[in-house]
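In what follows, every chain begins at residue 1, and chains take the letters A, B, ... in the order their sequences are listed. Only heavy atoms go into these numbers, but all of them, side chains included; no hydrogens, no water, no symmetry mates. All of these numbers come straight from a predicted model, not from anything done at the bench.
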Amino acid sequence: MEQTVVKIENLVKRYNDLIALDHLDLTIKEGEVYGLLGPNGSGKTTTMNCLLSLLTFDKGNIEIFGKPMSPTAYDIKKDIGVIMQNVAVYDELTVRENIDYFCGLYIRDKQERRRCVDEAIEFVGLEDFTKFYPKKLSGGLLRRLNIACGIAHKPKLILLDEPTVAVDPQSRNKILEGILQLNKNGATIIYTSHYMEEVEQICTRIAIMDKGRKIAEGTKDELKHMVKNTDTITVEMNDLPDSVLGQLKEMPHVYSVTYEDGKLVAACSGGKHNLIRILEVLQKNDLSFGRVYSEQPTLNDVFLEITGKALRDKED
Amino acid sequence: MFTNDYKYTLLSTLRNKRLIGWLMIFPIVLSILFKVTFSGIYDKQVSFDPVPAAIVEDEPNEAFSSVIDSVSKGENRLLDVTYTNEEEALELLDKGDVFGVIYTSDIKLTVNGTGIEQTILKSFTDRYLVTEKLLNETAAKHPEKLPDVIASMSEDITVIEQDRLSQGNPDVYITYMYNLIAMVAVCSSVTGLSTVTETQADFSALGARKCISPTPKLINILAVLCSSWTVTAVCMMISVTFLAFVLKINFGTRLPLVYLGALMGGMTGVSMGFTIGSLVKGSYEKKNTAAMIVSLFFSFMSGLMLGDMKYIVQDHIPWFNLINPAAVISDSFYFLNIDEGYERFISRLIIMVIMIIVFTLTGFIFTRRKRYASI
């Protein structure tokens, strides 16, 4: 049976009048890649900081590896790796020295540490940059160094707080692949992001957060089943008479149809062959059309459905 | 864990060019400037020329005359005196033939300007006035001991001369160098700020990363503090070495103690910075500004910028000179400079040790918090 690695119960964190975490419950099992998804200010980072005992909280319990977490729970901390949102390295130390320094906060034995550092360098692909100072690294390489510093000691639980912010697509893919590899190697991952594509791509289970509350939780598919929308069909066409628009609205399983800027957008809920049926209506009315495509619902749709606002309202 | 922590924070601090520049280049450059500016004065000092002075005997004062005689005779005499009337004395003063006019009636000194010679004359008359009171009291209460007191007084005044001649230390030039070392020591408080900025989760991502590691916070703080102490100590040693062996500043036979004073001073400055950093909330710039303001305030109050300030403080709030790190550091050098013995120097070292302990404990108390209300 999978062990519970993280258990958060009824967590409340207030900043004066602002409730940052509102009776939050989370349970994360061993081997999961657990995503915390939410817009900026939803409480993801606060959750992480409370989990790490960096922040005080007003109410609730936090257990990691079945033991209560506290600032002096060194036996728990030694098995946790953290990759912060902000790069946390010494500018005056080289890549290798930085990794060795942070690894040294966890591992005393020099030989073991050397091996861990070598493996971390190889893991993030910084072999050619070991003598570089952080200022000489590109944004993507710097993020990789940040990751290496957080995982060199081979933690069992890894917390990643928006590790791909301001990273180029190539480095982003490399980072995401690395996270999956860490998970394959046995680490449980908690991944926070407001990039839903990333969360969809790597997380086995996802919690969607808003205003300090967990508003939904489940696998990617489970979450998508929560929304009425099953597919969104878009047809590019020059003209659409109101009569045809009316016919489309009357179709079964189509619950919303709009025509704007030369695009017919039909949101469907359930049913099969919706695309073919819509095209049949257009053909019957002798209307020509251009590009046609159908999209599956995204986590943004889930968020929109639950909160009435887009997940990426405040996208940076 | 401590060794690794210490090693890398030390390496990181040593590679911080801005910090090293401030701690090492600044005193070296400033000492060169001092050397260039004051070298003329220094040459005068080391040539041991007696100070020309006019003596106006407006009233007979045998005791004073005998003292004047004792310091204006011999090969290494302190004063080169001319006995004359007031009018001629003032004329000599105007012409620059003498640096001061001393009236025997009330041991009043008139000078026409400021400089080393005027300072020597002032020191001489001040010393005499202090001793004169003792003379009068002895004459009234124990007349039989009067010859001994006069002999002792003559010895005292000869000490001024001997100090100047043999150790060559009470000169203003050397004092400037000591003040420079003291000021650098106090200003190294900026180095102590890193003890806070690198270990506090609510201040930097670096601090947060350390706080979530299994290394106890106390060890993290101690490692950064020790590395700051080490770097400052090294910089202070290099500065003193530069002064002694490159600029050939004559620290006499007490150079090892100058090193010790500089080392302790640097540690005091760093510890003070640790406390300031832990007490002042906000950004690094805010902490840095506070450290500089406090350092400069202490330096000012100890006379490192305005020579008389220390004496003004000594007259009005003497206790302040004992709690002002800059005053304690500069005093340690001053006493090392002028005292034959080591008592006052050691007392200042002890005060520095107490300050280091108090500052460090205060810093620990205010940074020991392990969880934060906000980050």
Side-chain angles (χ1 to χ4, degrees), chain A residues 13-16 18 20 45-46 48-58 69-94 96-110 113 133-134 146 149-150 153 155 159 161, chain B residues 1-23 191 194-195 197-224 226-228 230-231 283-284 367-375:
Chain A
K13 169 68 185 171
R14 288 191 183 89
Y15 294 111
N16 299 320
L18 178 81
T45 303
T46 303
M48 291 279 230
N49 288 333
C50 287
L51 192 60
L52 292 166
S53 262
L54 288 176
L55 276 178
T56 55
F57 45 86
D58 300 280
M69 182 58 176
S70 75
T72 53
Y74 302 125
D75 56 331
I76 297 176
K77 284 181 166 185
K78 72 178 170 52
D79 288 324
I80 301 177
V82 182
I83 289 115
M84 305 265 186
Q85 191 171 349
N86 298 319
V87 175
V89 294
Y90 275 106
D91 284 340
E92 296 82 12
L93 297 181
T94 64
R96 188 181 186 88
E97 287 166 347
N98 262 303
I99 301 170
D100 190 40
Y101 170 70
F102 288 109
C103 190
L105 296 175
Y106 295 79
I107 297 171
R108 282 189 195 185
D109 184 76
K110 274 187 183 177
R113 200 164 73 224
Y133 287 96
N146 198 37
C149 291
H153 58 286
L159 283 75
D161 190 7
Chain B
M1 282 180 179
F2 173 82
T3 319
N4 185 63
D5 208 341
Y6 171 74
K7 178 183 129 187
Y8 280 118
T9 44
L10 178 64
L11 201 59
S12 153
T13 317
L14 282 172
R15 287 178 186 163
N16 186 333
K17 288 175 191 157
R18 213 175 69 177
L19 190 69
I20 297 300
W22 166 249
L23 284 176
T191 321
S194 58
T195 313
T197 59
E198 285 182 16
T199 59
Q200 299 302 299
D202 62 343
F203 191 84
S204 64
L206 208 55
R209 180 162 257 168
K210 288 182 183 185
C211 285
I212 55 185
S213 78
T215 300
K217 193 168 186 180
L218 188 69
I219 290 179
N220 279 327
I221 292 174
L222 206 59
V224 183
C226 287
S227 71
S228 299
T230 309
V231 169
S283 65
Y284 178 78
T367 52
R368 77 186 193 289
R369 192 175 32 179
K370 292 182 173 109
R371 268 204 274 215
Y372 302 85
S374 65
I375 291 180

**Q** Could you give the distance from CZ (B:R209) to CG (A:L52), rounded to the nearest 0.5 Å?
**A**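 CG of A:L52 is found 11.5 Å from CZ of B:R209.
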**Q** Can you tell me if A:D109 has over 12 outside heavy atoms packed within less than 6.0 Å of its CG?
**A**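 More than 12 within 6.0 Å, yes.
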**Q** What part of A:Y15 gets within 4.5 angstrom of chain B, counting heavy atoms only: side chain, backbone, both, or neither?
**A**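 Only the side chain of A:Y15 comes within 4.5 Å of chain B.
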**Q** Please classify the contact of A:D161 with chain B as side chain, backbone, both or neither, using a heavy-atom distance under 4.5 Å.
**A**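 For A:D161, there is no contact with chain B at all, as no heavy atom is under 4.5 Å.
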**Q** With a 4.5 angstrom heavy-atom cut-off, could you sort out which part of A:D100 is near chain B: side chain, backbone, both or neither?
**A**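 The answer is both parts of A:D100.
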**Q** How about B:S213 and A:F102: do any of their side-chain heavy atoms sit closer than 4.5 Å?
**A**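 No - every pair of side-chain heavy atoms lies 4.5 Å or more apart.
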**Q** Among B:S204, B:A208, B:A201, which residue has the highest count of heavy-atom pairs closer than 4.5 Å to chain A?
**A**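 Of the candidates given, the most pairs with chain A belong to B:A208.
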**Q** Going by heavy atoms in the side chains, are A:M84 and B:I212 under 4.5 Å from each other?
**A**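 Side-chain contact under 4.5 Å: yes.
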**Q** Would you mind telling me which of B:L14, B:D5, B:I219 has the largest number of heavy-atom pairs within less than 4.5 Å of chain A?
**A**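 The residue among B:L14, B:D5, B:I219 with the greatest pair count is B:D5.
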**Q** Say you draw a straight line from CG of B:D202 to CG of A:L55; how long is it, rounded to the nearest 0.5 Å?
**A**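 Separation between the atoms: 9.5 Å.
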**Q** If I take atom CG from residue A:L93 and atom CZ from residue B:R15, how far apart are they, to the nearest 0.5 angstrom?
**A**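 Here the rounded value is 6.0 Å.
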**Q** Counting only non-hydrogen atoms closer than 4.5 Å, does A:N86 touch chain B with its backbone (N, CA, C, O), its side chain (CB onward), both, or neither?
**A**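 When you check distances to chain B, atoms from both the backbone and side chain of A:N86 fall under 4.5 Å.
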**Q** Write down the atom of A:K13, the atom of B:Y372, and the distance for their closest heavy-atom approach.
**A**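 Smallest interatomic distance, heavy atoms only, reads NZ-O, 4.5 Å.
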**Q** Taking A:K77 for its side chain and B:C211 for its backbone only, find out whether a donor-acceptor pair lies under 3.5 Å.
**A**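 Yes, the answer is positive, given that a donor and an acceptor are paired below the 3.5 Å cut-off.
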**Q** Could you report the tightest heavy-atom contact between B:P214 and A:Y74, atom names first, then the distance?
**A**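 In terms of heavy atoms, the two residues are closest at O-CD2, 3.3 Å.
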**Q** What part of A:T72 gets closer than 4.5 Å to chain B, counting heavy atoms only: side chain, backbone, both or neither?
**A**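 The answer is the side chain of A:T72.
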**Q** Can you list the steps and then say if B:N16 with A:Y90 is a side-chain contact (heavy atoms from CB on, under 4.5 Å)?
**A** CA-CA 10 Å; B:N16 186 333; A:Y90 275 106; over 6 Å; no
**Q** Between chain A and each of B:T215, B:N4, B:T3, count heavy-atom pairs under 4.5 Å; write down the option with the most.
**A**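 Looking at each option in turn, the highest pair count goes to B:N4.
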**Q** With a 4.5 angstrom heavy-atom cut-off, which part of A:R113 approaches chain B: side chain, backbone, both or neither?
**A**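 Just the side chain, heavy atoms under 4.5 Å.
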